[in-house]
Amino acid sequence: MNPSPNLYLIGPMGAGKTSIGRHLADQFSLPFIDLDHALEERHGIGIPLMFELEGEAAFRRRESAMLGELVKQDGVVLSTGGGAVLDADNRRQLSSHGFVVWLDVDVETQLQRLRNDRQRPLLAAQDRRAKLEQMAQVRNPLYAEIADLRIPASPLASSSSVSRRLAAHLARNWIPTKMQTRA
């Protein structure tokens with residue numbers, strides 16, 4: 001595996017990308033960026049309102065533009081939105097500018113973790129299970145296509161325990177450029 005300066009976390013909603021990303025950023029003393037939060041900050045509105053006002057296609061264009069900016073940074077931990085991989089150019093940028101970790105979680109675990117979530121526009125479906133299964137069918141092959149590492153998430157594992165396990169693996173197999181130059 002080639003060392004890459006950036007660490008990108010991909011995977012479905014409810015996989016723990018944000019909380020695990022924060023833990024890893026702390027572990028490796030790197031800045032953490034959540035793509036969805038960066039979009040909300042840039043545009044001054046929440047993602048649910050972006051979806052409501054402009055639709056998913058407009059949101060995906062904004063997401064791609066923001067991702068294009070963020071992959072140019074050096075030495076960051078970036079948590080993407082679950083659908084960022086839908087765009088082929090996004091997948092190319094992620095795989096060519098960093099080390100990509102797929103936090104894989106099954107639909108049952110997603111349902112458990114997201115049971116009280118009413119903010120995610122794509123979960124505003126009558127049958128959440130069917131919606132999550134449909135998204136997994138489309139997105140899982142795309143996650144697999146660009147992942148340098150796949151970490152299956154256990155429904156019982158906390159984000160901190162997954163972070164520790166992942167950090168230990170990354171310490172052996174990935175060293176960001178900024179860390180290499182500090183030594």
Side-chain angles (χ1 to χ4, degrees), residues 1-41 63-64 66-110 112-114 117 132 135-136 139-183:
M1 288 181 225
N2 293 329
S4 301
N6 296 323
L7 181 64
Y8 302 134
L9 301 178
I10 62 171
M13 63 179 88
K17 297 180 299 291
T18 299
S19 55
I20 291 170
R22 284 190 177 118
H23 286 260
L24 293 172
D26 288 345
Q27 174 78 28
F28 292 105
S29 300
L30 295 171
F32 173 72
I33 303 168
D34 180 287
L35 180 58
D36 287 345
H37 294 155
L39 275 168
E40 290 177 333
E41 190 174 298
E63 180 181 58
S64 292
M66 178 66 77
L67 182 65
E69 292 177 34
L70 296 176
V71 297
K72 293 176 184 168
Q73 295 190 29
D74 186 27
V76 298
V77 175
L78 174 70
S79 166
T80 68
V85 297
L86 294 170
D87 182 86
D89 191 50
N90 288 353
R91 293 193 307 275
R92 183 194 57 74
Q93 289 191 75
L94 289 167
S95 63
S96 65
H97 288 98
F99 189 87
V100 181
V101 176
W102 173 17
L103 298 176
D104 189 12
V105 64
D106 63 36
V107 169
E108 196 59 45
T109 302
Q110 284 181 280
Q112 179 185 359
R113 290 180 180 176
L114 301 169
D117 190 315
L132 291 171
M135 287 191 298
R139 295 174 181 188
N140 284 354
L142 303 175
Y143 297 139
E145 174 187 319
I146 63 169
D148 294 304
L149 176 65
R150 176 181 168 257
I151 299 291
S154 160
L156 303 176
S158 69
S159 61
S160 60
S161 68
V162 173
S163 299
R164 284 191 301 274
R165 191 176 74 213
L166 181 52
H169 179 85
L170 291 170
R172 293 186 306 270
N173 297 290
W174 171 81
I175 301 172
T177 302
K178 285 185 175 183
M179 292 178 70
Q180 289 175 336
T181 58
R182 287 185 203 156

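The analysis underlying the following values was restricted to heavy atoms, covering all of them including side chains, and did not include hydrogens, waters or symmetry mates.
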Spacing of [X] atom [atom1] and [Y] atom [atom2] [to the nearest 0.5 Å]:
X	Y	atom1	atom2	value
N90	M66	CG	CE	12.5 Å
S79	L35	OG	CG	8.0 Å
L24	K17	CG	NZ	13.5 Å
I10	R150	CD1	CZ	11.0 Å
E41	I33	CD	CD1	10.5 Å
S163	I20	OG	CD1	4.5 Å

Heavy-atom pair of closest approach, residues [X] and [Y]:
X	Y	result
L30	G75	CD2-O, 3.3 Å
P141	A136	CD-O, 4.0 Å
A15	L103	CB-O, 3.4 Å
Q27	A167	CG-CB, 3.7 Å
L70	A38	CD1-CB, 4.4 Å

Using side-chain heavy atoms (C-beta onward) and a distance below 4.5 Å, is [X] in contact with [Y]?
X	Y	value
L170	F99	yes
N6	V71	no
M13	L132	yes
V85	T80	no
L67	L94	yes

Residue pair R165, I151: steps toward the side chain to side chain contact (heavy atoms under 4.5 Å, CB included) verdict: CA-CA 9 Å; R165 191 176 74 213; I151 299 291; 3.3 Å; yes

Kindly write out the residues that satisfy side-chain contact (heavy atoms from CB on, under 4.5 Å) with A168, not counting sequence neighbours, or none if the list is empty.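 Counting only residues at least two positions away or on another chain, A168 forms a side-chain contact (heavy atoms from CB on, under 4.5 Å) with R172.
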
Identify, with sequence neighbours excluded, every residue that meets ring pair (Phe, Tyr, Trp, His ring centres under 6.0 Å) alongside Y143.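 Listed in chain order: W102.
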
All salt bridge (charged side-chain N to carboxylate O under 4.0 Å, His left out) counterparts of E108, not counting sequence neighbours: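 Only R129 meet the salt bridge (charged side-chain N to carboxylate O under 4.0 Å, His left out) criterion with E108.
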
Which of these passes side-chain contact (heavy atoms from CB on, under 4.5 Å) with F32: T18, V76, L78, L7?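 Per the side-chain contact (heavy atoms from CB on, under 4.5 Å) rule, the option paired with F32 is T18, out of T18, V76, L78, L7.
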
Give a yes or no on this: more than 12 heavy atoms of other residues, nucleotides or ligands lie within 6.0 Å of atom CD of Q73.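 Yes.
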
